[in-house]
Amino acid sequence: MKLNIAVLPGDGIGPEVTAQALKVLKAIAMEFNHVFTFKTALLGASAIEQTGNPLPEETIDCCEKADAILFGAIGNTSYDLDPNAKIRPEQGLLGIRKALGLYTNIRPIISYEDLLNKSSLKVKQIKDTNILIYRELTGGIYFGKRTLSENGNTASDTCEYNRFEIERIAHLAFKSAQSRKQKLTLVDKANVLESSRLWRRVVQEIALQYPKVETHYMYIDNAAMQLIINPKQFDVILTENMFGDILSEEASVIVGSIGLLASASIGDKHAMFEPIHGAYSKAANKGIANPIASILSAAMLLDHFGLNDEAALVREGVDKSLKLHITTPDLNTKYDNITTTKVGDFIEDFIHNPDETNLNFTNIHLGQSTII
């Protein structure tokens, strides 16, 4: 298969983790005789620094021409500390989602057997957790009308949804639930918010078209609590933009590190794949950023194009790295010299030599590359 992939490394640790995902994709292309071509473009703070625009037209053009997009991270602490900044890195990410119509964000939450003791939750609570969060991505409060009074003392952000926006993601979520455990939970705040009441009415109507799927409804405050108390009760979670953002970040407690959470942002014509963690600027260029979420996002990219064997091999490499404690400091207590690059090297080597990677680990541990 031939794929043209736009690469948006972004800010902070984004370039480091994206480099490892690219390493893995290139190994897959070599082993499975695919042709993947990559073109890099600017987004976020790095784009502001070079062009004054968090989303240059050249980046939109690059992404529109690509078969898929691999994105790193966005943000910079200098903007976080300045609430009055008119131009912000995050505008680039929101802009690319809107420009490409990436209305569905899919976030897998999986508890890894070898990392159960890394979570602050009890093992019996999180063992065998496997959740898929469907987060609406181009509507809601993040894209609603914003107002600020002339004296700067009153502000508002409008959360707005229409029926069509809810219907298109709901159908995708129900179809996914059909192929899993046939259970879907809509998370809303329908007891208070009019927008949530619309979500609930539309989902109740659509549920009739999927009679095999058991549909549940839960308020966001209760869902946030239940995700910690009993995450295994969930299969597919469907929710609006801000609620989905918060719940998926909370879910990082289940898996042990936000550095393990991948995602896919899907539209009718385009698809972007990205780790859900932020730029974590203070960790940039220190070799401590966990690249696994970015690598798993690359696996989701392969899945998107039906390259399921290739994606499975990537995930096997990730599983082996976790089993052998070849992970960055957020997860690693056994070895103290495993860097971002070494994790990528290991998984790359596993793809080339899945039966020999255990032997090669000694060399990676000593700071060498790999024996092939």
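One is the number of the first residue; the rest follow in order along the sequence.
Neither Met272 nor Leu94 shares a network with the other; the hydrophobic side chains, linked directly or stepwise wherever heavy atoms of I, L, V, M, F, W or Y lie under 4.5 Å apart, form separate groups for each. Linking ILVMFWY residues whenever their side-chain heavy atoms come closer than 4.5 Å, directly or via other members, places Phe350 and Leu331 in the same cluster. When hydrophobic clusters are built by joining Ile, Leu, Val, Met, Phe, Trp and Tyr residues whose side-chain heavy atoms come closer than 4.5 Å, directly or via intermediates, Leu25 is grouped together with Leu296. Follow the hydrophobic side-chain contacts under 4.5 Å out from Leu238 and you reach Ile141 in the same cluster. Follow the hydrophobic side-chain contacts under 4.5 Å out from Leu22 and you reach Ile295 in the same cluster.
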Query raised in the report: Given Lys127 and Glu113, is the salt bridge (Lys or Arg N to Asp or Glu O under 4.0 Å) satisfied, shown in steps?
Result: CA-CA 7 Å; Lys127 183 178 172 61; Glu113 187 71 26; 2.9 Å; yes
**Report entry** Full working for side-chain contact (heavy atoms from CB on, under 4.5 Å) between Ile69 and Leu100
**Finding:** CA-CA 11 Å; Ile69 304 142; Leu100 301 180; 3.3 Å; yes
Query - Evaluation steps, side-chain contact (heavy atoms from CB on, under 4.5 Å), between Glu310 and Asp303 - result: CA-CA 8 Å; Glu310 291 87 333; Asp303 281 327; over 6 Å; no
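With rounding to the nearest 0.5 Å, the separation of CD in Gln233 from CG in Asn230 is 4.5 Å.
When all heavy atoms are compared, the tightest approach of Asn53 to Ala47 is O-CB, 3.2 Å. Residues Ile133 and Leu247 share a closest heavy-atom pair of CD1-C, 4.4 Å. Among all heavy-atom pairs drawn from Gly139 and Glu165, the shortest one is CA-OE2, 4.1 Å. The nearest pair of heavy atoms linking Glu167 to Val202 is CG-CG1, 3.7 Å. When all heavy atoms of Thr138 and Arg97 are compared, the pair lying nearest together is CG2-O, 3.7 Å. Residues Pro15 and Asp11 approach most closely at CD-O, 3.6 Å, considering heavy atoms.
Atom CD of Gln178 has more than 12 neighbouring heavy atoms from other residues, nucleotides or ligands inside a 6.0 Å radius.
Take Arg201 and apply the salt bridge (Lys or Arg N to Asp or Glu O under 4.0 Å) test, not counting sequence neighbours, and it matches no residue. Legend: residues meeting ring-ring contact (aromatic ring centres under 6.0 Å, His included) with His171, ordered by chain and number and at least two apart, are Tyr210. Listed by chain and number, the residues in a ring-ring contact (aromatic ring centres under 6.0 Å, His included) with Phe273 are His304 (sequence neighbours excluded). In terms of the salt bridge (Lys or Arg N to Asp or Glu O under 4.0 Å) criterion, Asp319 has no residue partners (sequence neighbours excluded). By the side chain to side chain donor-acceptor pair (under 3.5 Å) test, Ser248 pairs with Arg107, sequence neighbours left out. Among residues two or more places apart in sequence or in another chain, the side chain to side chain donor-acceptor pair (under 3.5 Å) test is passed with Glu194 by Arg197. Take Glu205 and apply the salt bridge (Lys or Arg N to Asp or Glu O under 4.0 Å) test, not counting sequence neighbours, and it matches Arg163.
Side chain of Lys342 to main chain of Asn337: a donor-acceptor pair is present (N/O by atom type, distance under 3.5 Å, no hydrogens or angles). A donor-acceptor pair is defined here as one N or O able to donate and one able to accept, closer than 3.5 Å; no such pair exists between the side chain of Asn105 and the backbone of Leu137. In this structure, Ser196 contributes its side chain and Lys189 its backbone to a donor-acceptor pair below 3.5 Å. Using a distance-only test at 3.5 Å, with no hydrogens or angles considered, a donor-acceptor pair links the side chain of Thr59 to the main chain of Leu42. Put simply, the side chain of Thr340 gets close to the backbone of Ala289: a donor and an acceptor are under 3.5 Å apart. A donor-acceptor pair under 3.5 Å is absent between the side-chain atoms of Lys181 and the main chain of Asp235, judged by distance alone. Judged by distance alone, the side chain of Ser111 and the main-chain N or O of Ile126 form a donor-acceptor pair under 3.5 Å. Judged by distance alone, with hydrogens and angles left aside, the side-chain atoms of Glu214 form no donor-acceptor pair with the main-chain N or O of Leu184 at under 3.5 Å. Ser119 places no side-chain N or O within donor-acceptor distance of the main-chain N or O of Val255, the cut-off being under 3.5 Å. Between the side chain of Asn76 and the backbone N or O of Ala45, no donor-acceptor pair lies under 3.5 Å.
A heavy-atom distance below 4.5 Å is found between the side chains of Leu260 and Asn290. Contact check for Thr339 versus Ile288: no side-chain heavy atoms found under the 4.5 Å cut-off. Between Pro54 and Ile87, some side-chain heavy-atom pair lies under the 4.5 Å cut-off. By the 4.5 Å heavy-atom criterion applied to side chains, Ile276 and Asp245 are not counted as neighbours. Side-chain atoms of Ile237 and Leu132, non-hydrogen and from C-beta on, never get closer than 4.5 Å to each other. Side chains of Thr328 and Val343 form a contact here, defined as non-hydrogen atoms less than 4.5 Å apart.
Hydrophobic clustering, defined by side-chain heavy atoms of Ile, Leu, Val, Met, Phe, Trp and Tyr closer than 4.5 Å, leaves Tyr219 isolated from every other such residue. In this structure, Ile229 belongs to a hydrophobic cluster whose other members, linked by side-chain heavy atoms under 4.5 Å apart, are Met225.
Note on residues 111-163: pairs passing ring pair (Phe, Tyr, Trp, His ring centres under 6.0 Å), not counting sequence neighbours, are Tyr161-Trp199. The side-chain hydrogen bond (donor to acceptor under 3.5 Å, both in side chains) analysis of residues 269-281, with sequence neighbours excluded, yields the pairs Ser265-Glu274. Among pairs with a residue in residues 8-51, those fulfilling ring pair (Phe, Tyr, Trp, His ring centres under 6.0 Å) read His34-Phe36, at least two apart in sequence or across chains.
A cation-pi arrangement is present between Arg168 and Tyr103 under the rule of less than 6.0 angstrom and at most 45 degrees off the ring axis.
Between the side chains of Gln125 and Lys122, no donor-acceptor pair is found at a separation under 3.5 Å.
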